[in-house]
Number of protein chains: 2
Amino acid sequence: MLTSSQRQLLRVISEAGPLSRTEMASMLGLSKAAMSGIARDLIDLGVLHETETVYGQGRPSILLDLHPECAFFVGISLLEDPAPMILSDLNGRIIARQAMPLSRDPKVIAEAITEGLPRLLEAHPEAGEKLSGIGVALSGFVDETQANCVQSTLLNWQDVPLARIIRERSGVETFIENDAKAVAVSEKLFGSAREIQNFSVVSLGDGIGCAHFIEGKLYRGNHGGAGEIAHCTIESGGVPCRCGKRGCLDTVASMKAIKEMSRAEGLECTSLSDIEEKASTGNAAAIRILHRAGSALGLAIANLIQMNDPGLILITHVEGSFDGLFGTVLNQAVETNVLPRYAGQTPIRIKRVDGDVWARGAASIAAHNFLIGPNSN
Amino acid sequence: MLTSSQRQLLRVISEAGPLSRTEMASMLGLSKAAMSGIARDLIDLGVLHETETVYGQGRPSILLDLHPECAFFVGISLLEDPAPMILSDLNGRIIARQAMPLSRDPKVIAEAITEGLPRLLEAHPEAGEKLSGIGVALSGFVDETQANCVQSTLLNWQDVPLARIIRERSGVETFIENDAKAVAVSEKLFGSAREIQNFSVVSLGDGIGCAHFIEGKLYRGNHGGAGEIAHCTIESGGVPCRCGKRGCLDTVASMKAIKEMSRAEGLECTSLSDIEEKASTGNAAAIRILHRAGSALGLAIANLIQMNDPGLILITHVEGSFDGLFGTVLNQAVETNVLPRYAGQTPIRIKRVDGDVWARGAASIAAHNFLIGPNSN
DNA sequence: ACACTAAGTTCAGAAAATGAACAAATCAAC
DNA sequence: GTTGATTTGTTCATTTTCTGAACTTAGTGT
């Protein structure tokens with residue numbers, strides 16, 4: 001078990017990257033003397049290691065960084081069938097990859113994971129020894145202990161203590177998380193938002209997910225529902241949504257909605273690129289659909305900016321590119337719906353992600369618990 | 001200067017009210033032994049005092065609470081002319097009240113405050129000795145040090161280090177804050193949100209303000225703009241707003257907008273009650289205006305709920321009552337625009353406030369800095 | 001070779017928290 | 001009433017954690 005200071009240090013390093021002992025001391029507000037001991041202990045534990053030596057005036061400083069191979073994590077995405085299962089190190093690098101059949105029965109899932117583990121680890125004995133946790137990403141609401149799924153429409157669950165079930169069956173520490181929140185954590189830990197304290201991730205796929213980091217911590221809200229941007233009303237009195245209300249962002253801007261609208265217009269569409277291409281050749285219906293979707297998402301993001309003033313909006317997407325009409329309209333809509341004083345002040349970063357997002361996000365939940373721990377302070 | 005543990009304790013008491021030493025120990029995760037010393041020190045300092053004795057099985061426990069007269073604060077609102085100036089204790093009770101001329105010149109403001117202080121304190125010598133800070137509420141953006149006004153349209157300011165100017169002139173520790181954020185802090189410290197960790201305050205007046213508390217702390221966002229709900233686009237392509245864009249919530253639901261719309265329809269309207277009364281007698285224009293305003297504010301609040309999932313929405317207002325059409329429509333709009341699963345799950349509390357809100361809010365900023373301190377942890 | 005600079009270590013001592021024993025104040029039961 | 005159970009709060013020796021100051025180390029600049 002790590003001490004509170006050790007945890008704080010790991011957090012700082014995971015945010016700010018390799019640091020010298022002196023820098024660490026000043027960032028944590030500790031003396032060099034205290035830092036010296038803390039660093040020694042963590043090096044002895046194999047969690048930190050000395051990397052680069054930086055020469056300046058005076059004695060050169062030695063940067064310390066997390067040892068990427070000090071711990072390994074398994075991440076599983078329950079969003080696809082078969083469910084991908086990956087093995088990752090502390091840098092988020094994927095070391096092994098596999099799949100397992102998806103099920104709605106928690107016990108069957110736990111069984112499949114337990115069976116899959118040895119195969120995932122077989123080429124990496126050192127990872128097996130240092131396996132520090134399993135993370136599971138799913139579509140639904142997860143409680144703040146990252147142990148229970150409060151509700152999942154997709155899996156038809158209600159108060160399922162999935163983490164405990166997997167932990168008991170597999171013998172490995174397990175945490176679960178909502179899909180969008182898991183992606184946000186992986187961006188904070190491994191990705192392009194490491195040093196940013198306040199940011200929101202919007203994940204655009206068949207559905208639209210969103211999660212907020214506030215003051216360096218994932219914010220899940222009072223019922224675990226923070227970030228449910230997909231069901232913000234964007235078009236008053238719009239088309240009915242599967243959630244029961246009307247005009248949700250999800251009915252206009254999700255890839256599922258875009259595909260459905262395209263099909264309704266007689267356009268073949270399996271990805272964003274498809275319809276972007278048609279729009280670029282002047283197809284009126286395609287242009288209309290992209291316009292509607294882009295401005296809806298842009299408005300939602302503008303509202304998010306107005307509401308929370310994040311330091312970064314990170315849009316992750318799997319399909320096609322954002323260089324076309326959709327992206328242009330989206331950016332325009334953000335600019336015109338944000339206080340002019342703020343226009344352009346909130347960076348919006350587009351990130352194309354591969355099919356491993358969810359599984360990597362899941363692994364990052366385990367990594368986060370290893371590094372920072374469940375206890376807040 | 002208080003230690004970190006002492007600060008943590010004050011925070012817990014300010015949230016949870018009177019507690020026994022044993023309860024405090026378990027809440028802070030400390031031993032009874034450690035708690036004993038911390039409590040003794042704070043009692044010696046005059047910050048805590050023993051209140052009620054609670055009898056149960058075993059030795060009765062003695063509840064400790066903040067001593068309301070251990071420190072006094074001055075709060076000034078720069079939102080009105082003349083600017084109200086109040087003296088408050090640690091419970092938010094207003095002890096003395098006064099006014100000073102408003103100015104746009106920071107030095108003149110500092111001068112007026114310094115001149116006003118002795119008169120405010122003259123009947124309360126003990127408050128003068130224990131005066132622990134001045135808080136100033138203003139309309140505009142304030143940086144995270146609560147010292148500089150980054151920008152204020154109303155006062156025509158840009159990067160004004162108001163807190164330093166007042167502190168230097170008056171010799172009293174001074175902090176400034178945005179109006180809506182100050183109200184949120186006063187509700188957290190003195191009001192009806194003491195024990196709630198995640199909540200948002202929506203203040204309805206001539207303008208619409210909003211501020212979020214997240215994980216027990218005021219969240220100001222990356223540029224101090226968190227909560228700028230007033231300029232969320234609610235009616236796409238709606239009427240132009242003074243901010244430069246169109247269809248902002250402020251153009252439809254602020255009291256200023258309601259009054260203007262009423263006048264445009266030839267209705268006399270100086271307060272919400274006026275127009276509510278006309279609506280209740282069947283005046284179509286009045287009904288239309290209230291409907292539009294109520295559903296706009298309801299939609300904005302619904303979006304806020306979807307986005308941040310707060311544990312409470314507190315709507316503060318000065319004028320009239322919320323029992324009429326406006327309140328009904330507002331509630332309806334919230335319900336229909338929130339995920340059905342969440343409908344009714346987020347309590348919305350309406351609170352009628354008097355003319356002292358802003359000044360009391362300002363004082364609470366000083367009180368907050370006294371209790372919890374500027375340093376986060 | 002010489003000062004100069006800054007990083008990191010060592011070590012005695014201060015500060016803060018713990019655990020265990022104990023004193024204090026009540027209730028409950030006989 | 002007296003006794004025992006029960007829980008609060010204190011005391012004190014000990015442990016843990018951090019600090020300050022002196023010191024060592026490994027470079028740069030002249």
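So you know, we letter chains A, B, ... as the sequences are listed, proteins then strands, and number each from 1.
Mapping heavy-atom proximity under 4.0 Å, the span of DNA chain C touched by chain B runs 5' to 3' from C/dA16 to C/dA28. Here chain A contacts DNA chain D (any atom closer than 4.0 Å to a heavy atom, that is under 4.0 Å), and the contacts span D/dT17 to D/dT28 from 5' to 3'.
The side-chain contact (heavy atoms from CB on, under 4.5 Å) search around B/Ser186 returns B/Phe190, B/Ser364, not counting sequence neighbours. Listed by chain and residue number, A/Leu87, A/Ala127, A/Leu131 satisfy the side-chain contact (heavy atoms from CB on, under 4.5 Å) test with A/Leu121 (two or more places apart in sequence, or in another chain). For A/Ala25, the side-chain contact (heavy atoms from CB on, under 4.5 Å) partners at least two apart in sequence or on another chain are A/Met35. Applying the side-chain contact (heavy atoms from CB on, under 4.5 Å) rule to B/Ala137 yields the partners B/Ala182, B/Ala362; only residues at least two apart in sequence or on another chain are considered.
For DNA chain D, the neighbouring residues in residues 14-35 of chain A, judged by any heavy atom under 4.0 Å, are A/Gly29, A/Leu30, A/Ser31, A/Ala33, A/Ala34. Residues of residues 53-67 of chain B that place a heavy atom closer than 4.0 Å to DNA chain D, in numerical order, are B/Gln57, B/Gly58, B/Arg59, B/Pro60, B/Ser61, B/Ile62.
Taken from CG in B/Leu314 to OG in B/Ser192, the straight-line distance is 4.5 Å, to the nearest 0.5 Å. For the atom pair B/Leu2 CG and B/Leu42 CG, the distance stands at 6.5 Å (nearest 0.5 Å). Separating the CG atom in B/Asn148 from the CG atom in B/Asp143 is a distance of 4.5 Å, to the nearest 0.5 Å.
With respect to B/Glu195 and B/Lys188, no salt bridge is recorded, no charged nitrogen being found less than 4.0 Å from a carboxylate O. In summary, A/Glu173 and A/Arg167 engage in a salt bridge, as defined by a charged side-chain N under 4.0 Å from a carboxylate O. The pair B/Arg164-B/Glu168 meets the salt-bridge criterion, with a side-chain N (NZ, NE, NH1 or NH2) lying under 4.0 Å from an Asp/Glu carboxylate O.
Note on the helix from C/dA1-D/dT30 to C/dC22-D/dG9: angle between the axes of the first and last five pairs equals 20°, rounded to 10 degrees.
Each of A/Lys351, A/Arg194, A/Lys181 was scored for a salt bridge (charged side-chain N to carboxylate O under 4.0 Å, His left out) with A/Glu187, with one residue passing: A/Lys351.
The list of ring-ring contact (aromatic ring centres under 6.0 Å, His included) pairs with a residue in residues 14-54 of chain B, not counting sequence neighbours, reads B/His49-B/His67. Applying the salt bridge (Lys or Arg N to Asp or Glu O under 4.0 Å) definition to pairs two or more places apart or across chains, those involving residues 57-75 of chain B are B/Glu69-B/Arg93.
Between the side chains of A/Gln146 and A/Glu177, a donor-acceptor pair is found at a separation under 3.5 Å.
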Which donor-acceptor pairs under 3.5 Å do side chains of residues 26-33 of chain B form with protein atoms, sequence neighbours excluded?
| from | atom 1 | to | atom 2 | distance (Å) |
| --- | --- | --- | --- | --- |
| B/Ser26 | OG | B/Glu23 | O | 3.1 |
| B/Ser31 | OG | B/Ala34 | N | 3.2 |

